[in-house]
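Worksheet: one structure, shown below.
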Amino acid sequence: MSELLKNKLKEKIEAWRPRTARLVKEFGNVKVDEVDIGQIIGGARDVKCLITDISYLDPFEGIRFRGLTIPEVMEKLPKAKDGEMPSVEGFYYFLLTGDIPSDEEVQSVMDEFKKRQQVPEYVFNMLRALPLDSHPMAMLSAAIVSMQRESVFFKEYEEGHLHKNDYWIPTLEDSLNLLAKLPTIAAFIYRLKYKNGDIIPPNPELDWGANFAYMIGIPKPYDDVARMYFILHSDHESGNVSAHTGHLIASALSDVYYAISGMVNGLAGPLHGLANQEVLKWIQEVYKKMDGRIPTEEEMKKFVWDTLKEGHVIPGFGHAVLRKTDPRYTAQREFCLKNLPDDPLFKYVDLLYKVVPPILLEQGKAKNPWPNVDAQSGVIQWYYGLKEYDFYTVLFAVGRALGVTANIIWDRGLGYPIERPKSVTTEMLEEIAGIKSK
Ligand code: CMX
């Protein structure tokens, strides 16, 4: 492995450990939060009981990666060659270390990914053996877990000589190995499922994002779209279903292949990552009903109300933490305004931006009526020719793997323990509430 990245991380992790150790040893009893019955039954919403330094989600400001907002990340990180967006490699270095990388540091991650890029043939064979109507998220999850036998962490742990302080090193090794292969695997699934198995092999000259675009088969500027998409979806602190699942699985010292496969499974739910496909599906239904015409505001309001009355959520709106428009939505909207302002689908989504929040406010249920990342992302993909919308969550997953592996490497570096919150029974809560005598 490149000594550059490993040594930098070693220095960072070792310097950080005393901070964690001191908090536990000297301040372990200091109260951070209280939990009420609503939170216990309500999915632990808002309970402060997780730690990560990779990103932080402020309800009103949105996500900061390593302290930087999305516009700051886009401005400060080194741009990819021939692109306007930062390279994913530079961004991953930044997520891991918290430092803006030099050209040499970006290159070191590129070199790591290049030399680990070859996907074992058995993964392709396994994917070919699956029924073609398998959901691409199930295919991705299966492909990742099929590679568990490659885990360096698993082997070294089994051999019994690995010191706890060094767990993060083979975890970094596994993460680089897996990430290097993900664009090829995702693109393979796409071409297998939707392009008659006409596979485009990787181009060793290209960076991670550009190579994905190349293997999908969509020309420039889709390379920049791919880079932007992966960066925007990478991390959203650690309580969301995909990040939390990855962290939880890894906390049992299951390796990165198990953890990221599980992460993919969590992301595949319609209330989480799958919402981006649901948005496109929903819009297509409206489109059909309107015979391709852009609905008026009044007509669109009716579609939204009809969906709510049928007992469905409006995909792409609302959030468990955010209480304003998602800056990941805004970043993509700005991209659309610049690159595809007249696209009919974009106009649909923009109309929804106008119509949905007042309706959700009037309905009075959703705590956040504003759009999230998923409301906008499908429009860009569709515009550039990726119209198979059940593939969209795979793009989300490829990006999310960057953040979740960075988290797992640091979890191991700082020696966070296995996660194990405590359960209670309904009867116990009734007793605590004073509505049932002991
Ligand atoms: N449309 C209709 N109703 C909504 C809604 C929406 N977009 N968002 C929330 N609500 C409803 C909830 O279903 C809930 O109803 P009940 O009381 O009947 O159960 C009520 O409003 C309160 O929910 P909340 O506290 O505001 O939201 P939660 O934290 O429980 O859930 C989320 C958050 C994202 C699951 C929810 O807003 C939702 O279902 N949105 C649509 C799906 C979506 O876009 N998901 C993607 C989120 C981003 C991502 O992870 O990718």
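For the numbers below, each heavy atom of this structure counts, side chains included, while hydrogens, waters and symmetry mates do not. Both ligands and their constituent atoms are indexed starting at 1 by order of listing.
The nearest heavy-atom contact from the protein to atom 22 (C) of ligand 1 is K365 O, 3.5 Å. The closest protein non-hydrogen atom to atom 33 (C) of ligand 1 is A320 N, 3.7 Å. Atom 1 (N) of ligand 1 has as its closest protein heavy atom I314 N, 2.8 Å. The closest protein non-hydrogen atom to atom 5 (C) of ligand 1 is A366 CB, 4.0 Å. Annotation: atom 30 (O) of ligand 1 to nearest protein heavy atom, R45 NH2, 3.1 Å.
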Exercise. Would you check, one step at a time, whether the test salt bridge (charged side-chain N to carboxylate O under 4.0 Å, His left out) holds for E84 with K79?
Key: CA-CA 6 Å; E84 287 179 23; K79 303 278 174 294; over 6 Å; no
- Under the side-chain contact (heavy atoms from CB on, under 4.5 Å) rule, what do F188 and I185 come out as? Steps first, then yes or no, please. CA-CA 5 Å; F188 182 91; I185 294 173; 5.5 Å; no
*asked:* Run K12 and W410 through side-chain contact (heavy atoms from CB on, under 4.5 Å) and show every step you take.
replied: CA-CA 10 Å; K12 294 263 171 190; W410 273 87; 3.9 Å; yes
For D207 and S87: C-alpha separation, side-chain torsions, deciding distance, then whether side chain to side chain donor-acceptor pair (under 3.5 Å) applies.
CA-CA 7 Å; D207 62 78; S87 72; over 6 Å; no
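A salt bridge links K301 with E298: at least one charged nitrogen is closer than 4.0 Å to a carboxylate oxygen. Salt bridge status for E112 with R116: present, with a side-chain N to carboxylate O gap under 4.0 Å.
For a threshold of 3.5 Å applied to N or O pairs, the pair formed by V313 and ligand 1 contains no separation below that value. In terms of polar-atom proximity, defined here as any N/O pair under 3.5 Å, F317 does make such a contact with ligand 1. Considering both main-chain and side-chain atoms, L360 never comes within under 3.5 Å of ligand 1 through any nitrogen or oxygen pair. Taking any N or O of L271, backbone or side chain, at least one lies under 3.5 Å from an N or O belonging to ligand 1. Polar contact check, K367 against ligand 1: a nitrogen or oxygen pair lies under 3.5 Å apart. Note: an N/O pair closer than 3.5 Å links D374 and ligand 1 by distance alone. Where the criterion is an N or O separation shorter than 3.5 Å, residue side chain and backbone included, R328 fails it with respect to ligand 1.
Ligand-side atoms of ligand 1 in range of H319: 33 (C), 34 (C), 37 (O), range being under 4.0 angstrom from any heavy atom. Applying the 4.0 Å criterion to heavy atoms of G316 picks out, from ligand 1, the atoms 43 (C), 44 (O).
No donor-acceptor distance shorter than 3.5 angstrom exists from the side chain of K193 to the backbone of P136, with no hydrogens or angles considered. Side-chain atoms of R66 come within 3.5 Å of backbone N or O of L95 as a donor-acceptor pair.
Note that NZ of K302 and CH2 of W305 are 12.5 Å apart. Values are rounded to the nearest 0.5 Å.
Proximity of N372 to ligand 1, defined as any heavy-atom pair under 4.0 Å, is confined to the side chain (atoms from C-beta onward). When non-hydrogen atoms are compared, ligand 1 lies under 4.0 Å from the side chain of L308 (C-beta onward) but not from its backbone. No part of E278 comes within 4.0 Å of ligand 1, judged by heavy-atom distances. With a 4.0 Å heavy-atom cut-off, ligand 1 is reached by the side chain of A275 but not by its N, CA, C or O.
Between Y287 and Y348, the two ring planes are tilted [angle within 30° to 60°].
Judged by distance alone, the side chains of R64 and T69 never bring a donor and an acceptor atom under 3.5 Å apart.
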